2 protein chains.
Amino acid sequence: MAAKKPSIREVAAYAGVSTATVSNVFSGRKPVNDELRKSVLAAAEHLGYRIDRAASQLRSGRTRIIAVLVPDLTDTFFATIVSRLETQAFQEGYDVIVASSHDDPSVESSRLKALLSWRPAGLIAVPCSSSIPAELIEIEKTLPMVLVDRVASEGAIADTVTIDNREAGEVAASHLLEHGHRDIVIAVSDLDFPPIFERAEGAASLIAERTGVRPVTLKLGSNMEMGAKTFSDWMERNAPPGAVIALTNVTTLSVLSALAEHRIAIPDKTSIVAFDDYAWMAARNTGLTAIRQPVDRIAETAWKRLELRMDKGTEAAVEPSVLKASLVVRDSVRDLGSRKPDPVGGDAEAGALAGERVLAASGQGQDIH
Amino acid sequence: MAAKKPSIREVAAYAGVSTATVSNVFSGRKPVNDELRKSVLAAAEHLGYRIDRAASQLRSGRTRIIAVLVPDLTDTFFATIVSRLETQAFQEGYDVIVASSHDDPSVESSRLKALLSWRPAGLIAVPCSSSIPAELIEIEKTLPMVLVDRVASEGAIADTVTIDNREAGEVAASHLLEHGHRDIVIAVSDLDFPPIFERAEGAASLIAERTGVRPVTLKLGSNMEMGAKTFSDWMERNAPPGAVIALTNVTTLSVLSALAEHRIAIPDKTSIVAFDDYAWMAARNTGLTAIRQPVDRIAETAWKRLELRMDKGTEAAVEPSVLKASLVVRDSVRDLGSRKPDPVGGDAEAGALAGERVLAASGQGQDIH
DNA sequence: CGATCGCTGTTAAACGATTAACAGTTAAAC
DNA sequence: GTTTAACTGTTAATCGTTTAACAGCGATCG
């Protein structure tokens with residue numbers, strides 16, 4: 001029955017060649033006569049031989065493992081990234097080992113240690129807070145890695161892939177302002193996350209600039225139920241806002257939930273601009289206007305960058321990739337009389353941003369599952 | 001400094017002990033004098049030593065890898081399972097390597113091969129179709145494994161974890177029937193998936209039994225947009241149904257999307273019972289009544305079973321675990337005059353089922369993120 | 001014609017951990 | 001006082017690959 005897993009030696013013996021030849025057949029590092037190759041393949045097939053990655057990796061020092069660390073696999077945003085990475089990696093002959101930090105720095109640290117002991121060929125990580133864990137800094141120069149999403153675009157220690165979060169915040173705010181909204185609340189998860197901070201900053205400062213007052217910012221955390229409670233409580237002490245910008249998919253859920261509980265109609269009573277474009281946002285009667293992050297391109301870019309690093313070594317200068325989000329207009333923003341604001345002239349930079357800001361997209365995203 | 005990864009030998013030399021002792025310190029297989037242990041730990045710390053899993057695995061034959069295969073990581077249902085498994089596995093000192101088959105049997109097969117070449121300690125798989133891939137059958141007796149969700153509960157080749165899909169379908173149908181609905185459509189993804197088939201069967205046969213006619217079954221596939229199109233087309237040729245049972249989260253989305261497009265009010269015009277309970281279902285004004293699968297318990301049960309197998313070997317008799325889904329009542333089913341139907345007397349089995357069927361749950365699920 | 005090269009194949013030494021077998025030391029037992 | 005047992009530590013073989021070094025053998029070259 002050949003019950004116990006056969007080794008390369010058995011195959012070699014069965015095919016009447018040396019182990020080196022078998023190895024060459026499978027790795028393709030050296031050419032092998034076609035006849036021999038065939039008999040090796042036949043022998044392998046017959047014995048049910050499969051190469052032992054552990055032995056292979058130990059000897060060669062090379063590894064076909066990509067370590068992926070995310071804060072939470074349950075969040076579709078991260079799950080989608082992992083999914084795309086896994087597909088890409090597999091196509092290039094890598095396997096992916098995942099770990100999730102559950103947004104806890106100490107878990108993150110120990111997961112990282114575990115991942116690193118595989119001596120992976122590369123690492124793609126979404127850190128859980130703004131402070132890069134010590135483990136990463138330590139091995140930064142020896143391991144190809146790229147940091148995604150939850151990173152400050154400034155003093156990065158490695159290649160990064162993010163979206164232009166400040167602009168994304170501005171686009172959301174701008175959309176509301178252009179529809180005549182002034183009473184705007186910004187719902188954030190946690191300002192310690194760099195992308196959230198930047199989105200909030202982008203939105204808040206644009207609103208301040210146009211209206212003269214900084215909007216209220218509500219911290220709802222990363223848990224939907226608790227966020228809904230917080231927002232609900234706030235609405236009981238204050239009037240329901242005319243509009244809210246929800247900077248995260250779970251804050252969006254929190255806000256929606258609280259709004260539903262209070263029977264506040266969208267967009268009649270309060271308008272909403274969501275973040276992260278998911279299928280469920282489009283599927284109901286008043287679809288949600290949202291800022292779509294190009295998840296696929298984020299994953300793709302991260303992979304490309306990692307491949308580059310793995311080829312070229314870790315010496316080359318660190319480079320940040322910044323992608324653009326886009327606005328998907330649906331029905332959740334009420335038009336209070338579209339007084340097109342004067343294009344905030346005078347300031348060249350503002351002009352340029354305003355140009356970028358025309359990011360409206362219409363169709364369904366085929367990239368969103 | 002200490003650029004190149006140090007081996008156990010360096011640590012041993014630095015601490016002035018043998019490699020065996022270092023190994024014992026880290027594996028804990030044999031006791032080590034406390035003083036020595038400390039100096040070994042210090043040496044390891046100082047040199048930045050981390051055990052090399054490949055070498056460890058090669059030598060010991062044991063491995064701390066759990067292979068996990070799912071059809072699609074992008075689907076929150078599977079992502080949640082993977083996430084829970086990863087957490088559990090990590091707690092027991094295992095690492096998880098994931099692969100997704102993208103619902104394609106040939107991809108599934110090659111991913112499986114890749115996974116197996118790691119010689120994992122265990123495998124948890126959600127097959128993509130009803131036919132178990134040959135790779136699995138082949139290694140069935142040598143590798144602890146458990147099959148989840150997409151498996152027929154009957155002639156399983158390995159331990160399985162599923163929900164009672166037939167009953168789940170019956171509960172959904174029963175809920176509609178009890179609210180006076182007769183014009184019911186069943187929206188399925190793909191009847192080749194055993195759980196879908198069983199849900200459909202459960203619902204359809206109960207409806208047939210109570211109303212005398214078998215309900216229409218619509219196949220919407222696994223892609224939301226295409227499913228929406230299909231359902232939309234169907235509604236143009238027929239009247240919008242009085243109620244629909246959507247047997248999957250993506251069919252739910254398809255149905256909702258088509259309904260929204262046609263501006264059909266829920267539940268005034270058509271009622272809906274969804275499957276899989278996600279946060280977004282509760283967050284809007286008319287929350288969706290849904291059958292909740294106990295995702296967490298599915299994952300937990302799968303893990304427990306796998307642990308058992310890994311301990312006890314693969315000889316013990318195969319055992320299926322069948323969990324119960326529950327009905328979460330919200331606002332998407334209209335009451336057409338609750339004529340409580342006579343408990344379908346005479347049939348003992350039907351009576352028993354009717355008893356089981358009182359599965360209503362009320363609160364939010366804290367297990368749903 | 002001898003040297004050189006290209007092409008294929010083999011031999012044998014690693015890779016870094018684990019672990020069976022063994023050995024030294026001290027304490028308890030008889 | 002010798003035996004036994006309990007601890008704790010070391011030596012060295014070994015896991016299944018990869019790969020540098022080498023070897024055989026036509027063909028090509030000068």
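The structure presented is a predicted model; accordingly, all values stated were derived computationally and were not measured. Numbers restart at 1 for each chain; the letters A, B, ... are given by sequence-line order, proteins then strands.
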**Asked** What does B:Tyr49 touch in the nucleic acid at a heavy-atom separation under 4.0 angstrom: a base, only the sugar-phosphate, or nothing?
**Response** sugar-phosphate
**Message:** What I'd like to find out is whether the side chain of A:Arg111 reaches to under 4.5 Å of the side chain of B:Glu86, using heavy atoms alone.
**Reply:** yes
**Complete:** As its Watson-Crick or G-U partner within any shown strand, both distances under 3.5 Å, C:dA21 has D:dT10
**Request:** Please lay out, stage by stage, how A:Arg53 and A:Asp95 fare under the test salt bridge (Lys or Arg N to Asp or Glu O under 4.0 Å).
**Result:** CA-CA 11 Å; A:Arg53 315 285 286 221; A:Asp95 279 305; 3.5 Å; yes
**Request:** Grab the CG-C1' distance between A:Asp52 and C:dA17 for me, whole Å please.
**Result:** 14 Å
**Asked** What's the CZ-P distance between A:Arg119 and C:dA17, to the nearest Å?
**Response** 6 Å
**Request:** When you get a sec, tell me which of C:dG9, C:dT18, C:dA14 is the closest nucleotide to the side chain of A:Arg59?
**Result:** C:dA14
**Complete:** Ranking A:Ala20 and A:Ala55 by the position along DNA chain D of their nearest nucleotide, the one closer to 5' is A:Ala55
**Request:** Report the distance from atom CG of B:Asn33 to atom P of C:dG24, rounded to the nearest whole Å.
**Result:** 19 Å
**Request:** Identify whether any heavy atom of B:Thr21 sits under 4.0 Å from a base atom; if not, whether one sits that close to sugar-phosphate; answer base, sugar-phosphate or nothing.
**Result:** base
**Prompt:** Hey, are A:Arg150 and A:Asp103 close enough for a salt bridge, meaning a charged N less than 4.0 Å from a carboxylate O?
**Reply:** yes
**Asked** Are B:Ile65 and A:Trp118 close enough that some pair of their side-chain heavy atoms sits under 4.5 Å apart?
**Response** yes
**Asked** What nucleic acid atoms does A:Val22 come within less than 4.0 Å of, heavy atoms only: base, sugar-phosphate, or nothing?
**Response** nothing
**Complete:** DNA chain D: first to last nucleotide in contact with chain A (atom under 4.0 angstrom from a heavy atom), 5' to 3', is D:dG16 to D:dA21
**Prompt:** Expressed in angstrom and rounded to an integer, what is the separation of A:Gln57 atom CD from C:dA17 atom P?
**Reply:** 12 Å
**Message:** Is the shortest side-chain heavy-atom distance between B:Arg84 and B:Val295 below 4.5 Å?
**Reply:** no
**Asked** Any side-chain heavy atom of A:Arg309 sitting closer than 4.5 Å to one from A:Val146?
**Response** no
**Message:** If you compare every side-chain N and O of A:Ser18 against the phosphate oxygens of C:dT11 (OP1, OP2), does one of them come in below 4.0 Å?
**Reply:** no
**Request:** Whole angstrom is fine here: how far is it from CG in B:Asn24 over to P in C:dG16?
**Result:** 20 Å
**Asked** Is it true that the side chains of A:Thr21 and A:Ser18 contain a donor and an acceptor less than 3.5 Å apart?
**Response** yes
**Asked** How would you label the contact of B:Arg9 with the nucleic acid (heavy atoms, under 4.0 Å): base, sugar-phosphate, or nothing?
**Response** base
**Prompt:** If you look at every strand shown and take non-hydrogen atoms under 4.0 Å, does B:Arg62 touch a base, only sugar-phosphate, or nothing?
**Reply:** sugar-phosphate
**Message:** If I take atom CZ in residue B:Arg53 and atom P in nucleotide C:dT18, what distance separates them, rounded to the nearest angstrom?
**Reply:** 10 Å
**Item:** Between C:dG16 (C1') and B:Glu10 (CD): distance, integer Å
**Value:** 10 Å
**Asked** Would you find more than 12 non-hydrogen atoms of other residues, nucleotides or ligands less than 6.0 Å from B:Phe90 atom CZ?
**Response** yes
**Request:** Would you mind classifying the nucleic acid contact of A:Ser23 as base, sugar-phosphate or nothing, using non-hydrogen atoms under 4.0 angstrom?
**Result:** base
**Asked** What's the CZ-C1' distance between B:Phe26 and C:dT19, to the nearest Å?
**Response** 17 Å
